[in-house]
Amino acid sequence: MKSNGSYRSYRSHVTNVTFMTSMTHKNHVVKETAADFIESSTDKAADKEHRRKINFNIGRYNAAVPNGKQQFFDVHLAREKAKNIKWKAIETLDRQLEKFETAITKRGAKLIWAETAEQAREEILKICQEKNCRTLVKSKSMVTEEIHINEFLEKHQITSVETDLGEYIQQLDGEPPYHIVTPAMHKSKEDVAKLFAEKLGTDPNLTPEQLTLVARQILREKYKEAEVGITGANFIIADIGGIAVTENEGNARLSCAWPKTHIVVAAIEKVIPSMNDLALFWPLLATYGTGQQITVYNTIITGPRQQNETDGPEEMYVILLDNGRTNILSNVKSRESLYCIRCGACLNACPVYKNIGGHAYKTTYSGPIGSVITPHLKNMEDWKHLSYASSLCGNCTEVCAVKINLHELLLENRHEAVEEGSSSFAERTAWKMWKLAMLHRGMMNFGNAGLKDWFVNTAMKSWKKHRSELEFPKKSFNQMWRKKYGKR
Ligand code: SF4
């Protein structure tokens, strides 16, 4: 990988890498990923206590969102406008990113293009080793979860400390984030108090306020120790060459301002054309993410400390990560999923997510948006099952901050999976039979309801496993028609 290489130049390589990975694992991982998902989602769906906790937290979110929405004169128009801006940004992605690169490097930041997670990790390691880094502080960022940076750095004797409270709780518990906005959503305050008592030796009866103070005290020391700070980016601002970071705890500001070196890891689709667009995107993200009118801390970073400035990092690196995004970009239909601003609203609205929770997906991005993008970011063959984990009720599309047609994209994934030949023999046969019967009315009318019930429920044994039996009406449509209108 070449630092400062061109965004366009690595497109073909990415396609090759993805194809080869898919071919290598084709036969056994397919079953493993889908079987894992079915097993964990079956377990979680039966866990009433788990469901109670997430529904409690989602209930609080649902109560807050209408308040946030009140700030918009016309919230549908705001979402439509945001979608249009993202459309423009993604359709001109190459130019927007190059504009960003020119502007931010002028102010002294170093820009690195990373095609894959591995390249991003290696670049981060190289910077850390140059700075003799032993401890780094990191603010909440899904893209750093995607590249598994903490585990990687740990292997190189570098401690990466999560500074967002939810992420810190998850790190203490050795778990990945459960939700893209609320990492510890599945834990009650009692669970957190118990965890702190086990891991930090605190009183198991501490209140949430006391627990926060414990974390705060520990984390303050980490900022002082850290040689490097890592943040993600909520938005990449093309015209001014800036990184916009949104947070409620102030930990991202400390992570980028206190250590001498600041590394930003940003996925390429995070781009917006202009700083003026933040007037729309900041309130939209706050409302759809947490129900706030505006998030507490909103920061724009346009480079390292300048000569006339008194604070900020001495050096700043921006790693722009592809890791499969150009696969999505090249797909005209799925491209729309790159508009996502990671507000998490579709997760909170999804009846499947509300039953099985975030960890069952076994992916970095869960819920409807995760099911849409994961098969493209990884590969369709191994991850297509996620697109089937949906009732297609359309609630995700209904609540999406930028009006992505999520349920249609789930259908599109199913379509692509079938086109690529990755559907099972049983599934193909079932659809062939269905088509045959639909085109030949006589077959539908053949036999009575009892015979049809027996035939379909015997033929579709695996469908029945998690569903009630199919039951045909006692009279066929033709019989009912004749009864009502006579023979015509
Ligand atoms: S797909 Fe829409 S609702 Fe879901 S996280 Fe992205 S922006 Fe939010």
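Ligands are counted one by one from 1 in listed order, and the atoms in each one are counted from 1 as well. Since the model is a prediction, treat every value here as computed from it, not as a measurement. Along the sequence shown, residues are numbered consecutively beginning with 1.
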Worksheet item: Mind checking what makes side-chain hydrogen bond (donor to acceptor under 3.5 Å, both in side chains) contact with Ser141, not counting sequence neighbours?
Response: Thr144
Item to complete: Decide side chain to side chain contact (heavy atoms under 4.5 Å, CB included) for Asn57 and Asn348; before the verdict, give the C-alpha distance in whole Å, the side-chain angles of both, and the deciding distance to 0.1 Å.
Response: CA-CA 9 Å; Asn57 285 319; Asn348 300 335; over 6 Å; no
Fill in: Mutual orientation of the aromatic rings belonging to Tyr178 and Tyr353 [parallel < 30°, tilted 30-60°, perpendicular > 60°]
perpendicular
Worksheet item: Under 4.0 Å from any heavy atom of Leu406, which atoms of ligand 1 are there?
Response: 1 (S)
Worksheet item: Partners of Asp43 by salt bridge (charged side-chain N to carboxylate O under 4.0 Å, His left out), sequence neighbours excluded?
Response: none
Worksheet item: What's within reach of atom 8 (Fe) of ligand 1, meaning protein N/O/S atoms under 2.8 Å?
Response: Cys343 SG
Discussion item. Is there a side chain to side chain donor-acceptor pair (under 3.5 Å) between Glu118 and Thr116? Walk through the geometry before answering.
Written reply: CA-CA 5 Å; Glu118 193 188 0; Thr116 62; 4.9 Å; no
Item to complete: Could you note down all residue pairs passing side chain to side chain donor-acceptor pair (under 3.5 Å) where residues 280-302 supplies at least one of them, sequence neighbours left out?
Response: Gln71-Thr287, Arg107-Thr302, Thr246-Trp282, Thr246-Asn298, Asn248-Gln292, Arg253-Thr299, Thr290-Gln292
